[in-house]
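Reading through the C-alpha cells given below for one structure.
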Amino acid sequence: MGRFYRWFSERLNLQPILHHLLDEPIPGGASWIYIFGSMTLFFFILQMLTGTFLVLYYAPTPDHAYDSVHFIQEEVPFGIIVRGLHHWGASAMMIAIGLHILQVYLYGAYKLPREPMWLVGVFLLILTLVFGFTGYLLPWDQKAYWATQVGINLVSTAPWIGGALARVLRGGKELGALTLSRFFAIHTLFLPWLTMILISAHLFILRRVGAAGPWDIVRGGKISEPFYPRQLFMDVVAAGLAFAVLSILAVVSPAHLADRANPTDVTFQPVPEWYFLFYYQLLKYSKGPWEPLLTFGLPILFFGILFAIPFLGRKGERAPAGRPAAIWAGALFLAFVFTLLGLALKETASIRLSDPAVARGKAIYAKLMCAGCHRIHGEGTQVGPDLSYVGDKHDRSWLIAHFKDPQGLAPGSIMPAYSLSDPEMEDLTGYMLSLKKTSN
Amino acid sequence: MTRRDFFARAIAGIAGMIGLGLSIPLLGYAILPAFRRYEEPWAEAGPLDKLEVNRPKEFEVVRSVSSGWMTTNSVRSIWAFRSPEGEIIVYSPICPHLGCGYRWEDDKQRFFCPCHNSVFDLSGRVIAGPAPRPLDTLPAKIEQGQLFIIYKEFKAGIVRKEEI
C-alpha cells in the first residue's frame, strides 16, 4: 500500500490533496455526534452499488417487473442479500438523515454562514423521499401498485393543478407501463445524478465554510483537531457496524414481495413504508373540504418552514438554551410525528406482541396456511374474506363456532372445518380478536 | 505502534471488511447465474402411432426455453422412426456439416442435405458429401402412448458430437 501510494504520489503529487481531505480542522475536536452526515453518505453509496447490481436482472415493464424481482429473490445467488441490503439500506438512510438533521438543528449549525448548506440539505431530503416513493413501485406487487395509486391520488387533490400533476406523474391517464418506466428512470437515472451533484455542492460548501463544531463558539475556537485520524475512525466504525446490522437484517428478514399487482382488486389496503406512515395516519383524520389542506397544504407548509429555518431566529445564537422557541418547536414537531407514527403502527399491526396466546395463535395461522385463502394487511391471497380487522366484525363465540362448522354460519363458504384442540382454538381465536382497527 | 498507526490500521481494516462483505455477494450475484446449468426438459413430440418402421417422419416439438424470468416457446422439428426391432430413433434436424436442415427422401431411402449434398442412410451414417460425422441422435422415451424427446443442438462441422 505504502509503496503503491508513493509510486502514484511521486507522479501525481497527491500529498496536498490528501492533506486537504484529511487534515480539515474539526472545531472542538472529533465526536460521535458528528457521524450522521458521513453515515448518510455511506448509505447513499451502498444504495448506488446495490441498486446498480439490482438493475442487472430487473425489467421495468408491467409484464416482467414482478417476475424479474421474484427471479432476483428466489433464483439468483446472493439475490436476497443484494435486494435485502437495498431494502434495509433505504430505511437506514432515512434514519441517518433524520439524525443528521436533528444534530444540525440542535447545534444551530444551519446559521450564518451555513445557510446555503442547509438549503441544499433540504433539497437532498426531498430527493431522498422521492427515491423512496419511486422505488416502492418497482417490484410491481400489490403493495407497490396500490401505495403508488394512493400516493398519486394525493397529488391529484391539489387545487387547480392537481389533475395535470397526477397525469404527469403517471405518464398518462392510468397507472401502467408508462408509470413504471418513468418511475424506473427517475429512480435509477435522474435522481442518482441529481443527488450526486447536490451532495457535491453540500460537501463543497462544507469545505468552504468549515465544520460548525460545538455551539459553544469559544470552546470551538480554542480546541481543534484534524478530521484524520479520530473523526474518520469514528465514521468508519459506525459504517462498519451499520453494514453488519444491514447484512444481518437482509438475511434474517428479507425484503418482502407480496402478490403480483392486480389492478382489479380494489379491496387491497396498502400501507406505505414506515417513513411515510405518520403522514398516512394524519390523512385518516382528514375528511371533507379540509382534505386538500392536509394532503397538499401541510407538506408545502412543512417544506416552506424547513427552507425558512436558517433565516428565522436570532443571528449568531447557536446554544439551545438561547433558542427556546426553536427547541420547543422542534420538540413539538417530533412529538407530533412520533405520536402519529405510534398510532399508525398500533393500527396497522394491532397485534399485542406481549400476549403469548396471540403469538401462539399467529403460529397456528401460519401452520394451517390460512394465508393461502385469507389476507391480513396485504399478506396472503384474497380468496376468502380479508381478516385485517376481523376482530371488529365477530366475537369470540362466533369465531369458535365458525372454525368448527364454517358452513353452519356462512352458508356456501368453501372454508374447511378445522378440528383443533381447545387450547389451540382459543389461541387462534385470540389472534383473530387482536386484529382490530384499534387495539385494546 | 503509535496511536496514529492504530487508527490508520483500524480504518483500513474496517473499510476492507466492508469492501469484502460487499464484493463477494455482488460479484457472485453478477457472475454465478451465467454459469448455471440448464436442464432441457422432455418435450412432447406427438402420438406414438405416427411412428413407422424404417420410414422417418418429421415431428414437431414445442421447445420451451427459459432465460431468467422469461420462458419462450418455439417450435422445432425432429426426424423419428422405429427400427424393425422396435427401437425408436430420433435425429436432430440439423445437418452435422454446417447446420442446414436436411430431409428424408423416401424414394431414394436416404437423408439428403440440399446445402452441400451430404447424404446419410437410415442409421445416420454418412454415405456421401462433406458431413464430418453421422446424424446426431436425440434422447427419446415413450410415455402414455406419446413420444417425448429432449431437444439438443450440437456443434456443426466437427467430427465429435459436442453439445452447444
Side-chain angles (χ1 to χ4, degrees), chain A residues 1-2 5 22 30 42 45-46 48-59 61 63-86 89 226-244 246-248 250-251, chain B residues 1-44 60-76 139 148-153 163-164:
Chain A
M1 172 65 199
Y5 169 74
L22 295 180
F42 170 71
I45 293 169
L46 191 68
M48 293 276 288
L49 265 172
T50 49
T52 303
F53 277 80
L54 282 174
V55 178
L56 272 183
Y57 303 114
Y58 177 74
T61 69
D63 281 352
H64 297 299
Y66 182 84
D67 292 327
S68 64
V69 175
H70 191 264
F71 177 73
I72 291 173
Q73 190 88 348
E74 301 292 332
E75 294 188 42
V76 181
F78 301 108
I80 285 192
I81 296 184
V82 178
R83 181 161 180 250
L85 282 176
H86 199 71
F227 175 69
Y228 180 83
R230 282 216 312 140
Q231 188 63 56
L232 183 61
F233 171 74
M234 291 171 184
D235 290 353
V236 170
V237 166
L241 284 177
F243 182 69
L246 288 183
S247 305
I248 292 167
V251 175
Chain B
M1 189 162 68
T2 64
R3 234 172 95 80
R4 217 176 149 80
D5 277 347
F6 163 76
F7 282 122
R9 281 185 196 181
I11 290 167
I14 296 170
M17 261 148 73
I18 296 175
L20 204 66
L22 255 179
S23 48
I24 290 170
L26 288 183
L27 288 177
Y29 170 94
I31 293 168
L32 291 179
F35 292 99
R36 202 151 63 156
R37 276 211 65 78
Y38 173 70
E39 290 282 318
E40 179 86 28
W42 287 96
E44 193 182 314
E60 286 197 338
V61 292
V62 177
R63 185 186 181 214
S64 61
V65 181
S66 67
S67 165
W69 58 89
M70 253 183 89
T71 304
T72 9
N73 292 328
S74 59
V75 177
R76 296 294 159 96
F148 285 85
I149 61 117
I150 294 182
Y151 189 86
K152 288 177 180 174
E153 286 184 5
E163 202 180 330
I164 297 172

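A, B, ... follow the sequence lines: proteins, then strands. Residue 1 opens every chain.
There is no contact between A/Val69 and chain B, counting heavy-atom distances below 4.5 Å. Heavy atoms of A/Leu22 lying under 4.5 Å from chain B are absent altogether. Using a 4.5 Å cut-off between heavy atoms, A/Phe243 contacts chain B through its side chain alone, with no backbone atom that close. Looking at A/Phe42, only its side chain comes within 4.5 Å of chain B, counting heavy atoms on both sides. Using a 4.5 Å cut-off between heavy atoms, A/Ala239 touches chain B through backbone and side chain atoms alike. For chain B, the nearby parts of A/Ser68 are the backbone and the side chain; heavy atoms of each come within less than 4.5 Å.
Ring geometry, B/Phe6 versus A/Phe233: the interplanar angle falls from 30° to 60°, so the pair is classed tilted. A tilted orientation is assigned to the rings of A/His64 and B/Trp69, their planes being inclined by 30° to 60°.
In this structure, A/Tyr228 and B/Ile11 approach most closely via the heavy-atom pair CE1-CD1, 3.9 Å.
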Pair up each side-chain donor or acceptor in residues 16-25 of chain B with any protein partner under 3.5 Å, not counting sequence neighbours, and list the distances.
{"unit_1": "B/Ser23", "atom_1": "OG", "unit_2": "B/Gly19", "atom_2": "O", "d": "2.7"}
{"unit_1": "B/Ser23", "atom_1": "OG", "unit_2": "B/Leu20", "atom_2": "O", "d": "3.4"}

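Between chain B and the residues A/Leu232, A/Ile81, A/Asp235, the most heavy-atom pairs under 4.5 angstrom are made by A/Leu232. When the candidates A/Leu56, A/Val82, A/Ile72 are compared by the number of heavy-atom contacts under 4.5 Å with chain B, A/Val82 comes out ahead. Taking chain A as the reference chain and counting heavy-atom pairs below 4.5 Å, the highest number among B/Ala30, B/Ala15, B/Ala12 is found for B/Ala30.
Inter-residue side-chain proximity for B/Leu27 and A/Phe78 is flagged as unmet; no heavy-atom pair is nearer than 4.5 Å.
Looking at residues two or more places apart in sequence or on another chain, you find a side-chain hydrogen bond (donor to acceptor under 3.5 Å, both in side chains) between B/Tyr151 and B/Glu153.
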